[in-house]
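Basis for what follows: all heavy atoms, side chains included, without hydrogens, waters or symmetry-related copies. Indexing begins at 1, ligand by ligand and atom by atom, following the structure's order. Owing to the predicted nature of the structure, the values given are computational and were not obtained by experimental measurement.
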Amino acid sequence: MPPNRIDLFQGWPSPETLPIGHLKQAATDALSNKAISADGLGYGPDEGHMPLRQNIARWLSGFYAPSQPIPADRICITGGASQNLACILQVFTDPVFTQAVWLVEPAYHLVFRVFEDAGFHGRLRGIPEDEAGMDVGILEEALEAVDKSDGGNRQTGHPTKLPRPYRKIYKHVIYCVPTFSNPSGITMSRERREALVRLARKHDALIVSDDVYDFLHWNSSSNHPPENRLPRLVDIDRVLDTDPQDRFGHVVSNGSFSKLIGPGCRVGWAEGTEGLVYGLSQAGSTRSGGAPSQLMSTIVNELFHADFLPRYITDTLIPEGRRRYTAIASALQSRLGPLGVTFTPDPGHGHHAWTGGYYIWLRLPASLGASQVSREALRRQNLVLGNGELFAVPGGSWPVNNNLHQRLRLCFMWENERQLLQGVERLEIVLRELLKEL
Ligand SMILES: Cc1ncc(COP(=O)(O)O)c(C=O)c1O
C-alpha cells in the first residue's frame, strides 16, 4: 500500500488556495484602527457589522446583477452557513407545526444533524434531482400528499413556540444547493428555480438555499460571472409576482466565506426580505451573545478594500479551481471512462454545461458498489473516497433513490494537482482489480 494517504473526500479548501497574507494584513488593519477594533471587540448590532453588510450587498449586486441593487437591509451577518441554518430553524420552524423537511437528494450530509437537532428526526425526506436539479414535480406530489393527510388543516399541531412579531413559523422547509450542488455538482435550471419558488409559496414552505459555491464557476472561458448567470432563488422570490403582504418571503439565501477565504473564519451572510433578515437577527443566542463572528467580520470587511476579495476570486481562485477541475476531469475521462465510469458535472453533458464547486460525482459501472470500492481503495491504495450512500437522506426518499450505492464523491480542492492525478491512478488500479475479481 502506498505510504502517503490521498484524501479525495475532505471537502475543505487547500490552505495553498487561501489569501493568508491578506488576512494577516486585514487583521492588523482592523485591530490597529481604534474605531474598528472597538466595534469588533464589542457584541455588535444584532444584524452584524454594518460596513460588511454594505460591502456584501454591493458585491452581490455586482455578481448576480439582479433587476434592482440589493440594499444592506436584506443582508445580515452569520457565523457561516451551518451555524445560520441552525438559527433559521430556531426562529422560523416549530417541531410540531412544521410538517417536514424536503432535501434535494443526494444531499450535503452534514446538514442532517442540524435538522435533527431542531426536532426533525424522522421527518427528513429526500427528493431526487436530475440534470436540471431538484425534481420539482416529485416534490409537488409529495407536498400535496402530506398536506392532504392533515386535511390541509394548518392548525394540526399547535406551535410550541411563542408567537413573536418578528417571525412566522413555516409549514415546510425545503433545503437545496441550487448552484454546483454538494455532492453532485449539478446546477438547477432557471425554469426549475421559478417552479420551486412558486411551489414554496403554494405550500407555505421556507426554502433554505445554500449558495456557498456560486462564485466558483470553472467552465466559462472568462473568470468573470458567466453572461448567462442564473438568478438565485432569493432573487426570484424578490421579483416574481411580488406580494407586498408577505413580509417574510419564502427563500433565505445562505452565503459563506468558508470556501473563499477559509472555513475557520466562520463568517457568512444571509439574504432574504427585510422582515426575514431582521427576524433571523432576533434569534435568542444572537440577542444575548451578539452578532456572530463580530471581530472576524471587521477583519473580513477589510478584504473589500480596493475590491481585493472579488479580484482574488476572479484572478486567483477561479484559475486555480479551473486548473484542478480540468486536470481531474480529464484524468477521470481517460483512465476510468473506458471502465464504464461517468460523472457530473461534465462539460460535455447536461442542459447547460455548468461546471463549478468542489466536487465530482462519479457513477461506477453497475457491477461495482461504492461501499466496496471506498473500503478497498483505503485498504489497498491508502485512498479516501466519499461513499455515495453517505449522502442519502436518513428517513427515506420520495420515491426511493436506489443509485447512491453506485456513486462516489471526489473533492478536488483539498489535495494538490499532483495528488489528484495520483488519486485517479490509484482508483483505476482498484477498479481494475475489483473488476477482475468478479
Ligand atoms: C452545501 C454546503 N453548505 C454549507 C457548508 C458549510 O458552510 P459553512 O462553513 O459556512 O458552515 C458546506 C461545506 O462543505 C456545504 O457544502
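- Y170 is linked by a side chain to side chain donor-acceptor pair (under 3.5 Å) to nothing, counting only residues two or more places apart in sequence or in another chain.
- Using cut-offs of 30° and 60° for the angle between ring planes, the Y213 and Y358 rings count as tilted.
- Within the structure, side chain to side chain donor-acceptor pair (under 3.5 Å) pairs that include any residue of residues 23-32 comprise Q25-D29 (at least two apart or interchain).
- In this structure, R5 contributes its side chain and V384 its backbone to no donor-acceptor pair below 3.5 Å.
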Give one line per pair: atom of ligand 1, protein atom, distance. Only N/O to N/O under 3.5 Å.
from: ligand 1; atom 1: 3 (N); to: D210; atom 2: OD2; distance (Å): 2.7
from: ligand 1; atom 1: 9 (O); to: S258; atom 2: OG; distance (Å): 2.6
from: ligand 1; atom 1: 9 (O); to: R266; atom 2: NH2; distance (Å): 2.5
from: ligand 1; atom 1: 10 (O); to: A81; atom 2: N; distance (Å): 2.7
from: ligand 1; atom 1: 10 (O); to: S256; atom 2: OG; distance (Å): 2.6
from: ligand 1; atom 1: 10 (O); to: S258; atom 2: OG; distance (Å): 3.2
from: ligand 1; atom 1: 11 (O); to: A81; atom 2: N; distance (Å): 3.4
from: ligand 1; atom 1: 11 (O); to: S82; atom 2: N; distance (Å): 2.9
from: ligand 1; atom 1: 11 (O); to: S82; atom 2: OG; distance (Å): 2.6
from: ligand 1; atom 1: 11 (O); to: R266; atom 2: NH1; distance (Å): 3.3
from: ligand 1; atom 1: 11 (O); to: R266; atom 2: NH2; distance (Å): 3.4
from: ligand 1; atom 1: 14 (O); to: Y213; atom 2: OH; distance (Å): 3.3
from: ligand 1; atom 1: 14 (O); to: K259; atom 2: NZ; distance (Å): 2.9
from: ligand 1; atom 1: 16 (O); to: N182; atom 2: ND2; distance (Å): 2.8
from: ligand 1; atom 1: 16 (O); to: Y213; atom 2: OH; distance (Å): 2.5

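- Side-chain contact annotation: N387 with S371, donor-acceptor N/O pair under 3.5 Å absent.
- Within the structure, the ring pair (Phe, Tyr, Trp, His ring centres under 6.0 Å) test picks out the following pairs touching residues 271-306 (sequence neighbours left out): W59-F304.
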